[in-house]
Amino acid sequence: MSATINIKLFADYFSEEEARIIEVPGRLFPIKLHYMPQLQDVPVGSAGGSSGKRTHQSDRLSPEPYIQILQLIDQKYPPTEKGDVLIFLSGLNEITTIVDAAREYNEKNKNWIILPLHSTLSIAEQDKVFDYAPDGMRKCIVSTNIAETSVTIDGIRFVVDSGKVKEMSYDPITKMQRLKEFWISKASAEQRKGRAGRTGPGICYRLYADKQFYDFDAYSTAEILKVPLESLLLQMISMGLPNARLFPFVEPPPMDNVENAIVSLKEAEALTEDEKLTPLGKALAKIPVDIGIGKMLLMGCVFQQLQPVLTLAAALSVQSPFTNRAYRDPECERARKSLESDHGDPITLLNAYKEWLEIKQHRSNYGRHEDGDRRSENSKVWCRRRGLEEQRFYEITKLRNQFQDLLQDCGLMETQNNDQLSSAERAIRNGELRQLKELRKAHRMEAPRKRKLLKSDPWGLGEDGDAEADDGKVDIRDVEFRLSHDSSKLQHLVSGATACSYRDLMTLKLILVSGLYPQVAIADEFNYCKSLSEQFFHTRAKPYVSLHPMSFFGNNAQLLQLTDAEIEEKPATYKSRQPLSSRHQIVCYLTLLETNKSYLTNTLRMPAAQTILLFAHTIETNCTFSRIVCDAWLCLDFPAPESGQALLLKATKLRRLWNRLLAEKLKALTTTADGELAKVERNVSIEQMNLELWSSLAQYMNTEVCYTLKKLLPADLKSLYVGPPMAEDDDEDGAQRMELPNPNPFAEDFQPLYNETKGGLFLTENITFGCVVETDWSIQMQEQILEQDWECSHCRGTYRLTGLQKLQHAVICKPAKDDETNEPMPMASEMSSSKKLNVARYDCPNCGEQLVLSAIDVLKHKKSCSKHVKQEPQD
């Protein structure tokens with residue numbers, strides 16, 4: 001791209017009356033300040049008034065103003081005058097645009113070295129901005145606001161300020177983080193300008209008008225207004241604060257944000273309905289981390305999978321080690337192929353960290369391979385070839401150790417003793433420690449990092465190959481790592497990053513989902529006819545989001561689609577556009593991020609129905625359990641009779657066992673006054689429940705059941721529920737509200753209650769039975785069930801019962817004795833005087849029959865009976 005230059009425009013523009021020279025207080029050197037709004041198109045309404053100051057700019061950035069400034073510097077300042085340029089832009093896409101244009105401009109004279117600077121670059125690439133350019137050349141550093149306060153670069157003479165910044169904000173409704181472009185504050189503008197006056201007189205070009213500057217906010221938005229509040233509020237409540245809503249914040253967040261955070265804590269079961277701490281909430285309050293990460297750590301403690309959960313929690317809490325090169329360089333893509341997991345990004349991260357640790361185990365970064373025969377690839381080169389930033393793995397290790405110490409201090413896990421070295425190994429370790437300490441001492445005595453001479457590469461690629469990465473110098477990060485990790489601790493870390501068996505992997509994924517839920521998304525129904533780059537997914541509050549392009553499924557979205565072989569033929573009575581299959585999947589995600597589009601990041605795939613029924617906050621069904629609505633936005637249809645009922649019953653039993661195990665484990669972890677015998681008995685009970693839970697979970701997650709999956713729209717919800725019975729309905733014959741089931745087959749310790757809002761009955765704390773309206777096919781299914789004789793395998797009796805009645809019968813049924821096999825079996829309503837089924841006697845006024853039916857069967861009989869009477873011939 002070539003920019004058209006109007007030399008006269010610049011000569012006129014930089015007249016003395018237009019330029020302002022401002023002495024910055026406290027600076028050694030003066031800074032000339034030029035406002036240049038004509039060089040940058042300003043969106044309508046971008047200045048003046050509070051609404052204009054935070055207006056998002058949607059147009060693509062034009063590189064022409066920045067190229068014109070580079071050309072102006074070339075014309076006004078000879079190459080003998082030292083001085084580099086620092087351009088402040090808002091984000092990565094803008095930096096890429098300007099860098100590409102600047103490199104193209106530099107092709108002719110080749111007197112610039114163009115260097116991008118942003119957080120996704122490797123540390124080695126970021127360090128190049130501190131090096132110096134050859135004689136007759138200047139550096140042009142194109143940076144985000146990382147260079148505003150985080151780093152100081154010597155030699156900067158010219159600063160170009162776009163006046164824009166991308167800030168992260170948080171939407172508590174959609175649980176989405178938004179990275180949007182805004183005008184900077186006055187404080188940020190002054191900070192950027194000051195970068196030019198550090199080592200000599202400087203010049204600052206502001207690509208906006210002085211009037212706009214005076215309309216800027218004085219300071220940047222407070223952090224409390226841009227982050228989730230759940231962890232903060234939980235800490236406040238745990239300190240005994242009676243009402244977090246009344247806390248006098250210095251800069252109070254919007255009350256809606258506080259209310260949404262409290263609702264989220266209730267959904268996470270950290271608070272009761274009256275906003276008191278639950279046992280889970282008390283444990284989470286001891287771990288000052290994000291609620292989702294905290295739940296993962298607690299579940300790892302409970303279900304004896306703490307070591308891999310510690311690793312994953314740390315990996316998900318730091319910046320991704322994958323740099324841009326990992327997805328743009330074909331060599332990197334090929335090299336890291338073995339690390340990728342088709343389960344999702346968290347498992348890929350775990351694989352990468354494990355292999356990095358294994359490199360550390362078998363190789364010293366400044367010596368020979370342990371076998372002494374040949375040099376082996378060191379960890380720095382290994383990371384470089386795969387487009388990974390090694391610094392992130394050191395951060396994961398450090399954070400993992402901090403999480404472990406935190407859990408030990410809180411009494412949630414026992415102190416780990418990893419010193420299992422033999423006497424010979426300890427002697428070797430002592431020699432190694434002496435060598436490492438000498439290396440550390442020598443490194444400290446060395447002069448600070450020397451600035452290197454940059455290569456005059458017109459495209460600024462600066463790829464020095466593996467030689468630079470393995471230049472024989474001491475890597476102080478590796479030295480510090482080895483000082484604190486002997487072979488035993490390294491092996492412990494490797495074991496903690498391993499999930500080889502199916503049970504371990506399934507357990508790890510379920511623990512992750514227990515922390516992430518309800519952050520799940522389902523595929524759009526039309527994804528099958530779109531390209532992989534056009535796939536859409538829907539979350540509960542945000543439809544039409546995409547998979548992040550730097551994620552595994554973003555490049556392999558076909559793994560989330562149903563194949564033709566996985567789609568089953570639908571029954572004739574069931575009419576639906578949704579595919580019928582037992583292989584539906586949902587995507588669990590760590591973050592919903594909005595930049596130019598809405599993206600799901602750190603995604604993990606799971607079986608849809610099994611996962612949703614296990615973790616959903618609310619579950620609502622019709623009277624046949626053939627239609628199950630989860631969290632008021634996902635609808636599961638089970639066309640096969642009683643298949644939905646069986647799966648929901650399994651999920652309910654597992655959920656209650658999971659909660660009971662969690663409660664017992666938390667009680668055991670936090671109780672110190674128990675006697676030794678009581679402690680042993682509790683641990684034995686916990687171990688038995690643990691075995692029972694995970695053997696049942698493995699069977700449950702592999703259940704083969706066909707269903708359809710659909711996202712409900714607001715229009716669907718308006719006609720979805722039966723609603724409470726009208727008062728006058730009780731006067732009609734048989735048209736009474738359902739009888740409370742006794743016994744309750746879903747939870748014998750839970751007394752069923754009427755749902756006075758949506759209709760139906762509460763069978764458990766989160767399951768409402770009979771509140772979803774029936775459809776034609778579900779009514780036919782009910783009739784089909786009642787028309788078939790059902791033989792109880794326990795008592796050998798034959799009955800005609802609904803699905804719920806069969807479950808009730810299984811609870812109260814007694815086995816038949818051999819001498820009673822030929823006796824007639826009693827009716828279902830007469831089987832037990834203490835535990836009756838959910839049926840009652842009904843005398844039909846139309847046909848005169850005496851029947852024993854449930855409330856819904858009464859309605860169906862009345863409907864069919866009245867039709868039959870109308871169709872009879874008249875006398």
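FYI, the numbering just counts along the sequence from 1.
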Looking at every non-hydrogen atom in both residues, tell me the closest pair between [X] and [Y] and how far apart they are.
X: A244; Y: L233; result: CB-CD2, 3.8 Å
X: S778; Y: T775; result: OG-N, 2.8 Å
X: L592; Y: K175; result: CB-O, 4.0 Å
X: A747; Y: T764; result: CB-CG2, 3.9 Å
X: C623; Y: G770; result: SG-CA, 3.8 Å
X: V705; Y: S643; result: CG2-CB, 3.6 Å

With a sphere of 6.0 Å drawn around [atom1] of [X], does it hold more than 12 non-hydrogen atoms of other residues, nucleotides or ligands?
X: D749; atom1: CG; answer: yes
X: R605; atom1: CZ; answer: yes
X: Q699; atom1: CD; answer: no
X: K710; atom1: NZ; answer: no
X: K653; atom1: NZ; answer: yes

Determine which pairs satisfy salt bridge (Lys or Arg N to Asp or Glu O under 4.0 Å) with at least one residue from [range], sequence neighbours left out, and list them in order.
range: residues 636-649; result: R627-D637, E642-K806
range: residues 608-625; result: E620-K758
range: residues 288-306; result: none

Are [X] and [Y] packed together at the side-chain level, in the sense that at least one heavy-atom pair is separated by less than 4.5 angstrom?
X: T618; Y: T768; value: no
X: S264; Y: I291; value: no
X: F615; Y: V520; value: no
X: M236; Y: L232; value: yes
X: N755; Y: F769; value: no
X: C588; Y: L512; value: no
X: K266; Y: E275; value: yes
X: M299; Y: Q305; value: no

How long is the gap from [atom1] on [X] to [atom2] on [Y], to the nearest 0.5 Å?
X: L662; Y: S514; atom1: CG; atom2: OG; value: 9.0 Å
X: L604; Y: L516; atom1: CG; atom2: CG; value: 7.5 Å
X: I237; Y: N243; atom1: CD1; atom2: CG; value: 8.5 Å
X: C635; Y: L720; atom1: SG; atom2: CG; value: 7.0 Å
X: L786; Y: Q805; atom1: CG; atom2: CD; value: 7.5 Å
X: N744; Y: F762; atom1: CG; atom2: CZ; value: 13.0 Å

> Should the pair H809 and Y799 be assigned to parallel (<30°), tilted (30 to 60°) or perpendicular (>60°) ring geometry?
Replying inline: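 If you compare the ring of H809 with that of Y799, the planes turn out tilted.
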> Relative to the ring of H584, is the ring of Y707 parallel (under 30°), tilted (30 to 60°) or perpendicular (over 60°)?
Replying inline: tilted
>> The criterion is side-chain hydrogen bond (donor to acceptor under 3.5 Å, both in side chains); which residues satisfy it with Y517, sequence neighbours excluded?
In response: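 Partners of Y517 under the side-chain hydrogen bond (donor to acceptor under 3.5 Å, both in side chains) test: D631.
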>> Once side-chain hydrogen bond (donor to acceptor under 3.5 Å, both in side chains) is applied, do any residues pair with S696, and if so which ones, sequence neighbours excluded?
In response: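 Result, side-chain hydrogen bond (donor to acceptor under 3.5 Å, both in side chains) vs S696: none returned.
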>> side-chain contact (heavy atoms from CB on, under 4.5 Å) for Q808 and V811? Distances and angles first, verdict last.
In response: CA-CA 5 Å; Q808 291 178 271; V811 174; 5.7 Å; no
> Hey, mind stepping through E704 and S582 against side chain to side chain donor-acceptor pair (under 3.5 Å) and telling me if it holds?
Replying inline: CA-CA 6 Å; E704 293 283 342; S582 61; 3.0 Å; yes
> Out of I612, L648, I767, V772, which one pairs with I628 under the side-chain contact (heavy atoms from CB on, under 4.5 Å) rule?
Replying inline: L648
>> Among L613, L697, T703, L614, exactly one meets side-chain contact (heavy atoms from CB on, under 4.5 Å) together with K650. Which residue is that?
In response: T703
Using atom types as modelled and distance alone, determine if a side-chain donor or acceptor of [X] lies under 3.5 Å from a backbone N or O of [Y].
X: R503; Y: W694; result: no
X: Y700; Y: Q610; result: yes
X: Q519; Y: L590; result: yes

>> T624 vs E774, test: side-chain contact (heavy atoms from CB on, under 4.5 Å). Steps then yes/no.
In response: CA-CA 9 Å; T624 57; E774 301 291 342; 4.1 Å; yes
>> Among residues at least two apart in sequence or on other chains, which ones pass side chain to side chain contact (heavy atoms under 4.5 Å, CB included) with P288?
In response: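 Partners of P288 under the side chain to side chain contact (heavy atoms under 4.5 Å, CB included) test: Q235, L406.
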> Can you list the steps and then say if T708 with Y574 is a side chain to side chain donor-acceptor pair (under 3.5 Å)?
Replying inline: CA-CA 11 Å; T708 63; Y574 180 68; 2.8 Å; yes
